[in-house]
Amino acid sequence: MAEPILEIDHLQVEFRTDEGVVHAVDDVSLTLAAGEVLAIVGESGSGKTVTAMSLLGLNRSPNATFRGSARYRGQELLTASEDELRAIRGAEMAMIFQDPMTSLNPVQRIGDQIAEQILAHEKLSKAQVRDRVVELMERVGIPRAAERARAYPHEFSGGMRQRVMIALALSCSPSVLIADEPTTALDVTIQAQILERLKELKDETGTAIILVTHDLGVVADIADRIAVMYGGRIVEEGTVDEIFYDPQHPYTWGLLGSITRVDRDRSERLPSIAGLPPSLLDPPEGCHFRARCPHEFERCGQVPPLADRGARHPDRCWLTLEQKRALRVVDGEIGLAEPSPRGLGLHCENSPEAPSRGIGEHR
């Protein structure tokens with residue numbers, strides 16, 4: 001792998017509230033190489049967006065505490081001053097926010113909003129900026145760009161507003177682009193177009209992308225590596241092939257099992273993961289997924305390290321490789337284990353029998 005341009009080491013983010021301390025991000029370590037697409041996947045509340053926003057200092061507040069390290073080309077981001085971060089935001093690292101309608105100024109023309117960021121980082125004439133704006137809008141697939149640059153956000157569809165956000169993020173040719181749920185609330189056709197555009201832009205410019213999403217199906221054709229987050233922690237990390245063809249963590253099985261498959265007969269009900277994500281005000285001891293896991297056993301009360309347990313990519317589960325593969329695939333279905341009163345009779349070291357319940361089956 002190429003030398004990383006972004007390195008995150010043991011990042012922890014906490015927020016003090018009236019109800020207590022929210023442990024939003026717990027010991028997250030990641031790297032990103034130039035031109036690479038890293039997908040961070042997980043349910044809402046898993047810590048994906050907090051991790052991304054911490055890199056740009058967008059969630060700094062008096063009640064926030066940051067530990068660990070996040071370095072862009074060797075420069076520490078967590079302790080950088082506001083002036084240093086302003087020089088990085090937009091020019092070196094840019095972010096596509098989740099909701100373009102609330103991220104764009106409703107009373108300012110689209111072209112002026114893109115031009116504002118360019119002028120904040122580069123000294124160009126008005127004519128040069130205008131040409132850059134039109135070029136960017138054309139690059140992301142907005143027709144009649146010169147004319148549409150004078151339009152307001154409400155005159156654009158959801159998909160076109162998202163394209164504007166991409167153009168805005170790319171306006172100063174950043175080395176790192178963070179895309180936070182860039183296809184949320186878009187229909188599947190527009191989703192495919194936005195993802196294809198991101199892929200083309202990455203190939204054209206060499207920009208590294210962090211893609212934040214809750215949908216594993218979205219990342220299959222664009223990501224190089226996937227980090228699965230749950231309860232503020234990374235529970236599994238690997239290449240796309242490793243995650244899709246040899247997933248190791250029961251939470252990953254559940255995410256994969258809940259994806260609609262066009263090559264299968266339609267079932268009465270799509271499999272789902274039972275229960276709700278844990279409250280990060282009072283997360284469970286040990287594995288954060290234990291309360292929802294169909295294979296919980298005694299050792300899950302201890303925090304499992306993110307480690308390679310023989311599958312060539314790390315995960316955070318105490319089950320052995322053989323146990324995982326036996327539990328994971330029954331009748332060719334990922335994430336569904338055969339229901340049985342006695343499970344599969346698997347035993348973990350120094351622990352009682354690990355029960356087997358299908359993902360989505362209530363206890």
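Count residues from 1 along the sequence.
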Stepwise side chain to side chain contact (heavy atoms under 4.5 Å, CB included) check, R73 with S175: CA-CA 10 Å; R73 298 191 187 277; S175 298; 3.1 Å; yes
Taking only Lys NZ, Arg NE, NH1 and NH2, and the carboxylate oxygens of Asp or Glu, determine whether E196 and K199 approach each other closer than 4.0 Å.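 Not counted as a salt bridge, because no side-chain N and carboxylate O are separated by less than 4.0 Å.
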Would you mind checking if R225 and E36 are paired as a salt bridge, meaning a charged N to carboxylate O distance below 4.0 Å?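 Counted as a salt bridge, because a side-chain N and a carboxylate O are separated by less than 4.0 Å.
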Would you please name every residue forming a side-chain contact (heavy atoms from CB on, under 4.5 Å) with [X], sequence neighbours left out?
X: L58; answer: M53, L56, R89, M95, F97
X: D308; answer: none
X: R60; answer: F66, A80, E82, L85

If you define the side chain from C-beta out and look only at heavy atoms, does anything of [X] sit under 4.5 Å from [Y]?
X: Q248; Y: R309; answer: no
X: L177; Y: L198; answer: yes
X: R233; Y: D27; answer: no
X: H10; Y: R67; answer: no
X: L136; Y: R132; answer: yes
X: I190; Y: Q193; answer: yes

Working note: K324 + D315, criterion salt bridge (Lys or Arg N to Asp or Glu O under 4.0 Å); need CA distance, chi angles, decisive distance, verdict. CA-CA 11 Å; K324 292 170 186 174; D315 70 277; 2.7 Å; yes
Residues which pass side chain to side chain donor-acceptor pair (under 3.5 Å) with D282, listed by chain and number, not counting sequence neighbours: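 Listed in chain order: nothing, the list is empty.
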Side chain to side chain donor-acceptor pair (under 3.5 Å) involving R139 - partner list, sequence neighbours excluded: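 Here no residue qualifies.
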Ring geometry between F289 and Y230 (parallel below 30°, tilted from 30 to 60°, perpendicular above 60°):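 Perpendicular: the ring planes of Y230 and F289 meet at over 60°.
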Is it possible for you to say whether [X] and [Y] belong to one hydrophobic cluster, with membership spreading through side-chain heavy-atom contacts below 4.5 Å?
X: V28; Y: V303; answer: no
X: V25; Y: V21; answer: no
X: V140; Y: V134; answer: no

All N/O donor-acceptor pairs, side-chain side in residues 150-159, below 3.5 Å, sequence neighbours left out:
unit_1, atom_1, unit_2, atom_2, d
E155, OE2, Y152, N, 2.8
S157, OG, M160, N, 3.3

To the nearest 0.5 Å, what is the distance between CD (E242) and OG1 (T252)?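 Atom-to-atom, E242:CD and T252:OG1 are 12.0 Å apart.
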Test your reading of the model: is there a side-chain donor-acceptor pair from E296 to the backbone of C293, 3.5 Å cut-off?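 A pair under 3.5 Å: no.
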Looking at E43, is its backbone amide N or carbonyl O close enough to the side chain of K48 to form a donor-acceptor pair, meaning the two atoms are under 3.5 Å apart?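 Such a contact is found between K48 side chain and E43 backbone.
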Before giving the answer on side chain to side chain contact (heavy atoms under 4.5 Å, CB included), spell out for V176 and I5 the whole-Å C-alpha distance, their side-chain angles and the decisive distance to 0.1 Å. CA-CA 9 Å; V176 176; I5 59 173; 3.5 Å; yes
Report the C-alpha distance between L11 and L30 in whole Å, list the side-chain angles of each, state the deciding distance to 0.1 Å, and finish with yes or no for side chain to side chain contact (heavy atoms under 4.5 Å, CB included). CA-CA 9 Å; L11 175 64; L30 290 168; over 6 Å; no
